[in-house]
Amino acid sequence: MNTLHAARDKYIFLVVSFILWFSHFIYVPILSPYIESMGGNYTFIGFVLSSYGLMQLLCRLPIGIFSDLTKLRKPVIVSGMLISAFSCLAFALTDSLGWVLLSRSLAGVAAATWVVFTVLYSSYFTDREIHGAMGSISFVVVLAQLLGMSISGYIVDEWGWHALFWIGGIMSIAGVVLSLFIFEPKEGIQREPIKLNDLISIMREPLLLKISLLSILAHSIIFTTMFGFIPTYTLKIGLQASDISLVVFSFMIPHAIATLLAGKLLVPVLGQWRSLKLAFGLTSFFTLIIPLADTKDWLYVIQGFNGFSMGLLFPLMLGMAIESIPHEKRATAMGVYQALYAIGMFAGPFLAGVLNSYMGIAAGFYFVGVLGVVATLLITIWNKN
């Protein structure tokens, strides 16, 4: 493959990756208020929000195993983009709570194909280039999430709720077309399928289990707050839909900055466990005081600090999850880790939604704030041991 052809293949792949995540996240900031405007209660909102994580929990490992056994990568990616397009268009063309649940569940199935995206993209690079490649595709994911979430409030103010779903649907259709031009080596990608024995041995690794539990708690927090009920809370305290975009900016920009600083500045000074304890402690504190933010400025400030502290968490846990695993089993370990933390993506929003229905929207924030306290205590105990 010549250099020009290789560069074109990489760019096409990155654009398709951008479209996948942009189309899923452009409507995330307005999803909970949109469901509420249709008459859905907090329990149902929590159920819809949690369906995205539940589908990833159920589908991620089976999709990875299927892809490894059949040696099919590109067809899985094209299928993921098709499901993504159907999800967004179902949102746009329907106006019922049942279709909202189905549409968001399908978005979770599409997101579960991401494991195949990363495998195929890594095949474009030599072993020495892999870390840089993963950094590039991770940046594209964060950029897609940031841009999608930051413009949603303005679009809703100008053109209404359904405009976001139409944009996501049209972009996903473009992504389907582009995905047909993704390059896959004719000889396939040689990757050993996940074996049951490997899964069992890896799931007995104490450090992986501990970090996975902490990651479940962390994902419960972020999918209940920024990716869950924060937009609804923003409107509850009297802000406009356009203000949601600024709330997103105040969270996501510090969040992105912190992901760059965690490994380079924090860990060398404090060490991994102390850094993790500090990050969880800050996350729990700023989550617990969200209900005290009754003005726009205070909400921006709290979101900024919360975004930064959560941005420290995820890269720390990602590295610690596989550091005790032999190199030849790290791909399997990462699959297990990603499948396990998806529990937090559905359990957190679902339980918070039930609590919000009975005790008001502040209850969900208190609930996941306490989960942060629990994580901090667990880290303290494990660090001593």
Side-chain angles (χ1 to χ4, degrees), residues 24-25 27-57 97 100-101 104-105 107-108 111 145 149 212-237 239 244 247-248 251-252 255 280-294 299 302-303 305-307 309-310 313-314 340-378:
H24 288 181
F25 276 80
Y27 60 80
V28 163
I30 60 90
L31 185 56
S32 54
Y34 171 64
I35 298 169
E36 191 175 22
S37 73
M38 295 172 65
N41 59 26
Y42 287 135
T43 299
F44 186 77
I45 292 172
F47 194 43
V48 172
L49 296 176
S50 66
S51 66
Y52 179 75
L54 179 61
M55 290 299 103
Q56 290 191 58
L57 173 66
L97 294 176
V100 165
L101 176 59
R104 191 56 179 163
S105 299
Q145 292 173 344
M149 292 175 67
S212 295
L213 175 56
L214 295 176
S215 194
I216 289 169
L217 298 176
H219 280 83
S220 294
I221 296 170
I222 196 169
F223 273 83
T224 298
T225 54
M226 189 63 254
F227 299 157
F229 290 98
I230 283 290
T232 300
Y233 182 76
T234 300
L235 300 182
K236 287 287 183 190
I237 62 174
L239 278 66
I244 293 175
V247 172
V248 170
F251 181 93
M252 291 298 292
H255 186 79
F280 260 116
L282 291 172
T283 295
S284 61
F285 174 75
F286 289 113
T287 301
L288 287 167
I289 64 172
I290 288 173
L292 301 180
D294 54 1
L299 186 58
I302 291 172
Q303 281 295 95
F305 281 112
N306 215 359
S309 55
M310 287 191 200
L313 280 177
F314 295 109
L340 287 175
Y341 73 55
I343 295 172
M345 292 165 63
F346 83 85
F350 177 71
L351 295 173
V354 173
L355 290 171
N356 288 346
S357 287
Y358 287 100
M359 294 183 281
I361 196 167
F365 299 134
Y366 291 138
F367 166 64
V368 291
V370 169
L371 293 185
V373 174
V374 170
T376 307
L377 293 174
L378 287 175

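A quick note: this is a predicted structure, and the numbers were derived from the prediction, not measured. Residues: numbered from 1 along the sequence shown.
The aromatic rings of F223 and H219 lie parallel to each other, with less than 30° between the two planes, well short of the 60° mark. Taking the six-membered ring where tryptophan is involved, the planes of Y52 and F25 are perpendicular, since the angle between them exceeds 60° and thus also 30°.
Under the 4.5 Å side-chain criterion, counting only non-hydrogen atoms from C-beta, I230 is not in contact with F251. A heavy-atom distance below 4.5 Å is not found between the side chains of F227 and M345. Contact of the I244 side chain with the L239 side chain is not registered, since no non-hydrogen atoms from C-beta on lie closer than 4.5 Å. Contact check for L49 versus F229: side-chain heavy atoms found under the 4.5 Å cut-off. Looking only at side-chain heavy atoms (C-beta outward), F286 and M310 stay at 4.5 Å or farther from each other.
Summarising the geometry, atom CD1 belonging to I302 is positioned 10.5 Å from atom CZ belonging to F365; distances are rounded to the nearest 0.5 Å. Atom-to-atom distance recorded for F280:CZ and L378:CG is 9.0 Å, nearest 0.5 angstrom. I35 contributes atom CD1, which lies 8.5 Å from atom CD1 of I30 (distance to the nearest 0.5 angstrom). Atom CD1 of I290 is separated from atom OH of Y366 by 10.0 Å, given to the nearest 0.5 angstrom. Once rounded to the nearest 0.5 Å, the distance linking OG of S215 with CZ of F314 reads 6.5 Å. In this structure, the separation between CG on L217 and OG on S212 is 11.0 Å, given to the nearest 0.5 Å.
Scanning both residues, L313 and A218, for their nearest heavy atoms gives CD1-CB, 4.2 Å. A pairwise comparison of heavy atoms in P231 and M226 identifies CD-O, 4.1 Å as the closest pair. Heavy atoms only, all atoms of each residue included: V48 and R104 are closest at O-CG, 3.5 Å. The shortest heavy-atom contact between L97 and G39 is CD1-C, 4.4 Å. Nearest heavy-atom pair, L235 versus P33, reported as atom, atom and distance to 0.1 Å: CD1-CB, 3.5 Å. Shown here for D294 and I237, the closest heavy-atom pair between the two residues is C-CD1, 4.2 Å.
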Handout entry: CA sep, side-chain torsions, deciding dist, call: K236, E36, side chain to side chain contact (heavy atoms under 4.5 Å, CB included)
Key = CA-CA 11 Å; K236 287 287 183 190; E36 191 175 22; 3.2 Å; yes
Practice task
Using the side chain to side chain contact (heavy atoms under 4.5 Å, CB included) rule, take T232 and Y42 through it: C-alpha gap first, then chi angles, then the decisive distance, then the call.
Solution key: CA-CA 10 Å; T232 300; Y42 287 135; 4.1 Å; yes
Exercise for the section: Assess whether side chain to side chain contact (heavy atoms under 4.5 Å, CB included) is satisfied between V373 and L288, documenting all intermediate values. Expected result: CA-CA 10 Å; V373 174; L288 287 167; 4.3 Å; yes
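Between the S32 side chain and the G228 main chain, a donor and an acceptor come within less than 3.5 Å of each other. Without hydrogens or angle criteria, T224 side chain to I221 main chain gives no donor-acceptor distance under 3.5 Å.
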